[in-house]
Amino acid sequence: MTLLHDRLAQLLPGLRSERSAMLAQHAELELCAVSLGQVYGGLRGVIGVICDTSVVDPQRGLIIRGRPVRELTGLGVEEVFWLLLCGEYPDKAQKEWLRAELASRARVPDYAWSVLASAPPDSHPMVLFSLLTLSLQRSSRQARDYHELGKESLWRATLEDALDLLARLPVLAAAVWHRDQGRAQAWADSPAEGSWSERFAAMLSLTHSPPAAAAFADLLRLYFVLHCDHEGSNACALACHTVGSAHSDACYSISAGLNALAGPIHGLASEMTLRFVLAMHKHYGSAPSEGQIEDYCQQTLAAGRVLPGFGHAVLRAADPRFVALHSFAAEHISVDPLYATADHYYRIGPAVLASAGKAKSIHPNVDAITGPLLHHYGLTELRYYTVMFGLGLSIGMLAQLVLNRALGSPIMRPRSASLAELRELTGTG
Ligand code: CMX
């Protein structure tokens, strides 16, 4: 038994009986009606998953376990993982236990490195990250012990896998970075000392002055806390949830979530925003003026393209994740010319979007700011940014998997309708 198993074992009876009572008394309660437009429209607004780790409020942004994310910007990854899972902050002993536990589980089995070595050198970083994650399935405790575990105790093995993966994913992500940089020896053991995010910063082996190294480590801590979860039904979390619901273990499930995140209209906006800023620099030959940025934005909209880094499917106010990272950037990287251009873009873009009159949110989103920050500290391979995003979201996906197995969430099986059925229903057949 471990401190986290112990605490979850204490919390679970209450959560399970609440779920049973809810079902016994309110199973027929209608949560929402579903229109044909919603079914054709990616199920926008349809409640299809119960997820207690976080919600996204249109005005307040990401709320983790009832706490607005802006209140969590001083936490580390260990604390936020505990919070996501248990709904409470860890005490000092629990936090130290989790930190030591993750450090002790970080060694990646050698067979994963042979998978990495055999991948074509120009493979996309997300392919490598997902492939490495999937390769660890061979060590899954859930898969190994599945036939001996009852439904009530399955979560214990899922938690073991979640802890193993949470410990190893930064090692895999760092190896992907080195491999993508063309280094022959792409992998290293995680350092024994430091927090989760400090160990990841060290494994990236970027060259910084001591103050910049400290700032970069703090940036990574903040980045991962801000990116740790985003409800249970964005494409990435939903893919992970669906695969996990079949009792496929955490390696299969996280790999599936990463595969969804790799899509150009999902996890790629950070890369796209920085490409946009770099393209403005290239177009104008140097740092563009405010007037030139405005012209460039107008031309982009006129060409039928979006302004990357602006807008949101749910948020209708400034994204607190953007606000937190923007204030970090203002303090640490304001002299960076690329950031200076990006910062003008954040100020000019909203007015341009407002005058076009289409976007429901004209605020910069979190993906607007991450590229310039990561680039400043030496992560200059733009294709790597989705790996960073996936590493962050895996924290919440792992917590969600454990909770879903602990609460006995069933296999996902919404019904599909044929066109013939729709024709009949609409009288158009
Ligand atoms: N630039 C130009 N037009 C935009 C826009 C933007 N940044 N954001 C929205 N619009 C347009 C939409 O394309 C849509 O136009 P049509 O009616 O012609 O299709 C209209 O405004 C209404 O869109 P919406 O309801 O405000 O936004 P959606 O929920 O449809 O889409 C999003 C949301 C994020 C895909 C969209 O704002 C966008 O494409 N932004 C740019 C890419 C980006 O930064 N993505 C990161 C999102 C962050 C995240 O998901 O975490």
Side-chain angles (χ1 to χ4, degrees), residues 37-38 40-46 54-64 69 223-239 257-258 260-280 293-326 342 345-374 382 385-397:
Q38 285 173 302
Y40 266 124
L43 300 180
R44 288 288 187 290
V46 176
S54 67
V55 294
V56 180
D57 180 276
Q59 296 304 322
R60 294 192 299 156
L62 176 62
I63 314 273
I64 293 177
V69 73
Y223 176 101
F224 290 119
V225 167
L226 295 173
H227 286 81
C228 70
D229 206 38
H230 219 232
E231 289 191 347
S233 44
N234 61 67
C236 165
L238 189 60
L258 294 173
L261 191 69
I265 61 168
H266 194 13
L268 224 68
S270 171
E271 173 184 332
M272 298 314 287
T273 308
L274 191 57
R275 282 197 197 288
F276 189 81
V277 172
L278 288 165
M280 280 196 277
I293 293 176
E294 188 175 339
D295 284 350
Y296 199 86
C297 291
Q298 299 281 16
Q299 285 164 26
T300 303
L301 290 186
R305 296 195 299 272
V306 297
L307 294 187
F310 288 92
H312 201 276
V314 179
L315 279 170
R316 295 293 172 262
D319 185 342
R321 300 173 303 165
F322 171 86
V323 173
L325 288 170
H326 189 245
Y345 176 48
Y346 307 146
R347 292 174 211 287
I348 292 161
V352 177
L353 269 181
S355 65
K358 282 207 300 185
K360 293 193 186 75
S361 166
I362 55 168
H363 300 278
N365 55 52
V366 70
D367 301 313
I369 182 87
T370 45
L373 276 165
L374 297 175
L382 276 53
Y385 296 170
T386 318
V387 174
M388 297 282 297
F389 194 178
L391 182 55
L393 281 180
S394 296
I395 301 165
M397 287 194 283

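Computed from heavy atoms alone, side chains included, the values below leave out hydrogens, waters and symmetry copies. When a ligand or atom number is given, it counts from 1 through the structure's own listing order.
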Closest to atom 5 (C) of ligand 1 (heavy atoms only, candidates Pro308, Ala313, Gly311, Ala359) is Ala359
In the complex you have, is atom 19 (O) of ligand 1 within reach of the protein, judged by whether a heavy-atom distance drops under 4.0 Å?
no
Where's the contact between Ala269 and ligand 1, heavy-atom distance under 4.0 Å: side chain, backbone, both or neither?
side chain
Tell me if a side-chain donor or acceptor on Tyr346 pairs with a main-chain N or O of Ala368 at a distance below 3.5 Å.
yes
Any protein heavy atom sitting closer than 4.0 Å to atom 35 (C) of ligand 1?
no
Where ligand 1 meets Leu301 - atom numbers and elements under 4.0 angstrom, heavy-atom basis:
2 (C)
CZ of Arg44: more than 12 outside heavy atoms within 6.0 angstrom?
no
State the atoms of ligand 1, each with its element, that fall below the 4.0 Å cut-off from a heavy-atom position in Leu353.
1 (N), 2 (C), 6 (C)
Heavy-atom distance under 4.5 Å between the side chains of Arg347 and Ile293, does that happen here?
no
Is there a donor-acceptor contact under 3.5 Å from the side chain of His326 to the main chain of Phe322?
no
Can you tell if the side chain of Leu268 reaches within under 4.5 Å of the side chain of Phe389, non-hydrogen atoms only?
no
Would you confirm whether Ser54, through its side chain, and Ile63, through its main-chain N or O, come within 3.5 Å as a donor-acceptor pair?
no
Determine, counting only non-hydrogen atoms of the protein, whether one lies under 4.0 angstrom from atom 28 (P) of ligand 1.
no
Tell me, do Leu258 and Ser394 make a side-chain contact under 4.5 Å, heavy atoms counted?
yes
Enumerated ligand 1 atoms positioned under 4.0 Å from heavy atoms of Gly309:
43 (C), 44 (O)
When you compare the side chain of Leu274 with that of Leu374, does any pair of heavy atoms fall below 4.5 Å?
no
Measure Thr273 to ligand 1 on non-hydrogen atoms and call it side chain, backbone, both or neither using the 4.0 Å cut-off.
neither
What part of Ile265 sits under 4.0 Å from ligand 1 if we count only heavy atoms: the side chain, the backbone, both or neither?
neither
Lys360 to ligand 1: N or O pair under 3.5 Å?
yes
Among all the protein's non-hydrogen atoms, which is closest to atom 50 (O) of ligand 1, and how far away is it?
His312 NE2, 4.0 Å
Quick one: are Cys228 and Ile64 in side-chain contact, heavy atoms under 4.5 Å?
yes
Below 4.0 angstrom from a heavy atom of Asp367, which ligand 1 atoms are there? Numbered from 1 as shown, please.
46 (C), 47 (C), 48 (C), 49 (C), 51 (O)
List the atom of Val69, the atom of Val225, and the distance in Å for their closest heavy-atom pair.
CG2-O, 4.4 Å
Considering only protein heavy atoms, which is closest to atom 1 (N) of ligand 1, and at what distance to one decimal place?
Leu307 N, 2.8 Å
Ignoring angles and geometry beyond distance, decide whether Asn365 reaches within less than 3.5 Å of ligand 1 through its nitrogen or oxygen atoms.
yes
Exercise check, heavy-atom protein proximity under 4.0 Å to atom 31 (O) of ligand 1
no
Looking at atom 12 (C) of ligand 1, would you say a protein heavy atom lies below 4.0 Å from it?
no
Within the side chain of Glu271, is there an N or O that forms a donor-acceptor pair under 3.5 Å with the backbone of Tyr385?
no
Nearest option to atom 39 (O) of ligand 1, as decided by whichever heavy atom of Val56, Val314, Val306 sits closest
Val306
Less than 3.5 Å between some nitrogen or oxygen of Lys358 and one of ligand 1, yes or no?
yes
Could you tell me whether Phe276 and Tyr296 have their ring centroids closer than 6.0 angstrom?
yes
Note: His266, heavy atoms under 4.0 Å from ligand 1, region reported as neither
pair Val352-Gln298: side-chain heavy atoms closer than 4.5 Å
yes
Looking at non-hydrogen atoms alone, which of Phe310, Phe276, Phe389 comes nearest to atom 41 (C) of ligand 1?
Phe310
